[in-house]
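First the structure, in the form of C-alpha cells, and then the observations on it.
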Amino acid sequence: MVDPYRTISPLSIVIITVVVTTISSRELLPKQRLIAPAVLFDRKYGTHKFAIVNGIRFHYVEAGDRRKPLMVFVHGFPEFWYSWRYQIPEFSKEYWTVAIDMRGFAWSQRPIGETNYVLPNLIVDLKAFIKYLNRKKCVLVCHDWGSIIGSAFIASNREMVDKYILLGSPSGTVFKQLIAESMDQRNKAAYIIEFLKRGVAESEMRANDYAFFSTLFKDEDLDVYKYVFSKPGALTAGLNYYRANISPNNGQMNFVQEVGGDADDGLDGTDGMFILGGKDPYVSQDSLNATTKQYPKMCVKGIPNAGHFLHQDEPEITNNLIRDFLCK
C-alpha cells in the first residue's frame, strides 16, 4: 500500500505532543524513519480514507457496515487513529466505526500557526466531519484532548450525539474547575507548562531518538508512534493544541474561556460515561467525584490498574465497560 504521507502537501504540518521528560545534555539525533510500519496498514483495522472537511484534508480509518449506527473515535495527544486499534475490531461488529486523525495529527493536514488550533475550530471540524459522513447522530468515544473537544462539541450539538464516552479526561468544564481547585490536579498537569515552551518542548521530545514515547507506550508500538511523530511539524502541531488554548501565568495555567466554558455547560450527563485509569499520572482521581457532582446523570467508572491510556493499557476491561453502557 502507498504510504499516505507521500500524498500530503509540503505545506501541511503534523500534530502531537506528550509528557516531557528530563533529558541529558548529550542529545542523540533521532533516527530517520522513511518506511511506515506495516501494522499501520493491517486490514483488520479497516480502510484508510481522506476527506476535505472545513477546509482541511482529514485522514480517517473506517470499519464495519455503513448501514449500522455510526461510532466516531476522537483521539488525544500524543495519539492518532492507531490508538483505537483495540476498539475498532471489537465495535465494528455492531457499528460503522470511524477513527479520525484530528487536524495536525498523523496523515491529516497540519495548518501552520497556533491560532488554527483553538477549540472552536476543532469543534467545527468534528461537526463538519460527522455531516460529511452523512449521519445526523453518532456514538462519540473520546480520549484525552478528544474528551475536551468532544464534551464542548456535545454541549453545543447535543442533537448530533446519541451516547458519548469520555476516557482519560473529564469534560473541559470539570478539568478547568480541577485546575483551579485541586492541588493534586495542578501537580499532575505541571507538564503542560513545559509544553508551552516553544521550541524547547520539541527539542526535549526528540531527545535520545524520541525516548519520551517509551514512558507512554508498549515497546511493540514504539516504532509506530516514533514514525508518525518524527514527521516534519508533527510535534509542534500537537503542542499547538495546548499553546492555542492555554496560557502561562507566573508558572500557572490559564485556560481560554472556550476550553472549559462556563460552570454550566448545558450538559447534565444524560447518555454520557466517564472512565479514568486508577494509575493515571496526569489526571487526578478527584475528577471522578467532580464529574459526578457536575453531571449527576453521568455514568462514572474507574479501572484500577490502568494508566492514562486506559483503552490501550486495559482494552478488554475498557471495551466491556463501554459495551455494557451502550447496551443499557
Decide yes or no on side-chain contact (heavy atoms from CB on, under 4.5 Å) for Ile56 and Ser108, but give the supporting numbers first.
CA-CA 8 Å; Ile56 301 291; Ser108 288; 5.5 Å; no
Give the ring-plane orientation class for Trp81 versus His48, where under 30° counts as parallel, over 60° as perpendicular and anything between as tilted.
perpendicular
Considering only NZ, NE, NH1 and NH2 on the basic side and carboxylate oxygens on the acidic side, decide whether Asp221 and Arg85 come within less than 4.0 Å.
yes
Please lay out, stage by stage, how Ser182 and Asp184 fare under the test side-chain hydrogen bond (donor to acceptor under 3.5 Å, both in side chains).
CA-CA 5 Å; Ser182 169; Asp184 185 53; 5.0 Å; no
Determine, stepwise, if the pair Met273 / Tyr164 fulfils side-chain contact (heavy atoms from CB on, under 4.5 Å).
CA-CA 6 Å; Met273 183 183 202; Tyr164 58 97; over 6 Å; no
Anything under 30° is parallel, anything over 60° is perpendicular, the rest tilted; go ahead and classify Phe73 against Phe91.
tilted
Output yes when Glu62 and Arg66 qualify as a salt bridge under the 4.0 Å nitrogen-oxygen rule, no when they do not.
yes
Minimum-distance pair of heavy atoms, taken over all atoms of Leu216 and Pro78
CD1-CG, 3.8 Å
Step through the shown structure and confirm whether more than 12 heavy atoms of other residues, nucleotides or ligands are within 6.0 Å of NZ on Lys137.
yes
Could Asp268 and Lys297 be called an ion pair, given the rule that one side-chain N must be under 4.0 Å from one carboxylate O?
yes
Hey, does the Lys NZ or Arg CZ of Arg243 hover above the aromatic six-ring of Tyr117, less than 6.0 Å from the centre and inside 45° of the axis?
no
Is it the case that more than 12 heavy atoms not belonging to Glu220 sit under 6.0 Å from its CD atom?
yes
Search all heavy atoms of Pro170 against all heavy atoms of Val283 and return the closest pair with its distance.
CD-CG1, 4.0 Å
Ile148 and Leu122: side-chain contact (heavy atoms from CB on, under 4.5 Å), yes or no, with the steps?
CA-CA 10 Å; Ile148 303 293; Leu122 308 177; over 6 Å; no
Kindly indicate, with the supporting measurements, whether the criterion ring-ring contact (aromatic ring centres under 6.0 Å, His included) is fulfilled by Trp107 and Phe41.
CA-CA 13 Å; Trp107 298 331; Phe41 308 115; 5.6 Å; yes
Should we say atom NZ of Lys131 is surrounded by more than 12 heavy atoms from elsewhere, each under 6.0 Å from it?
no
For Arg158 and Thr270, the nearest pair of non-hydrogen atoms, with its separation, is NH2-O, 3.0 Å
Work out which heavy atom in Ile88 is nearest to a heavy atom in Ala63; give both atom names and the distance.
CG2-CB, 3.8 Å
Between Lys44 and Pro89 the two heavy atoms that sit nearest each other are O-CG, 3.9 Å
Should we say atom CD of Glu159 is surrounded by more than 12 heavy atoms from elsewhere, each under 6.0 Å from it?
yes
Would Phe217 and Tyr225 count as a ring-ring contact (aromatic ring centres under 6.0 Å, His included) if you check the C-alpha gap in whole Å, the side-chain angles of each, and the deciding distance to 0.1 Å?
CA-CA 9 Å; Phe217 303 115; Tyr225 284 97; 3.8 Å; yes
According to a hydrophobic-cluster definition based on side-chain heavy atoms being under 4.5 Å apart (Ile, Leu, Val, Met, Phe, Trp, Tyr only), do Ile52 and Val61 belong together?
no
How close do Ile100 and His75 get, counting heavy atoms only, and between which atoms?
O-CD2, 3.1 Å
Measure the acute angle between the ring planes of Trp84 and His143, then classify it against the limits of 30° and 60° as parallel, tilted or perpendicular.
perpendicular
Here's one to test your reading of the geometry: is the NZ or CZ of Lys301 within 45 degrees of the ring axis of Phe274 and under 6.0 Å from its centre?
no
Is the count of non-hydrogen atoms from other residues, nucleotides or ligands lying under 6.0 Å from Asn134 atom CG greater than 12?
no
Start with the C-alpha distance between Tyr82 and Tyr227, add both sets of side-chain angles, then the distance that settles ring-ring contact (aromatic ring centres under 6.0 Å, His included), and finish with yes or no.
CA-CA 12 Å; Tyr82 180 76; Tyr227 171 77; over 10 Å; no
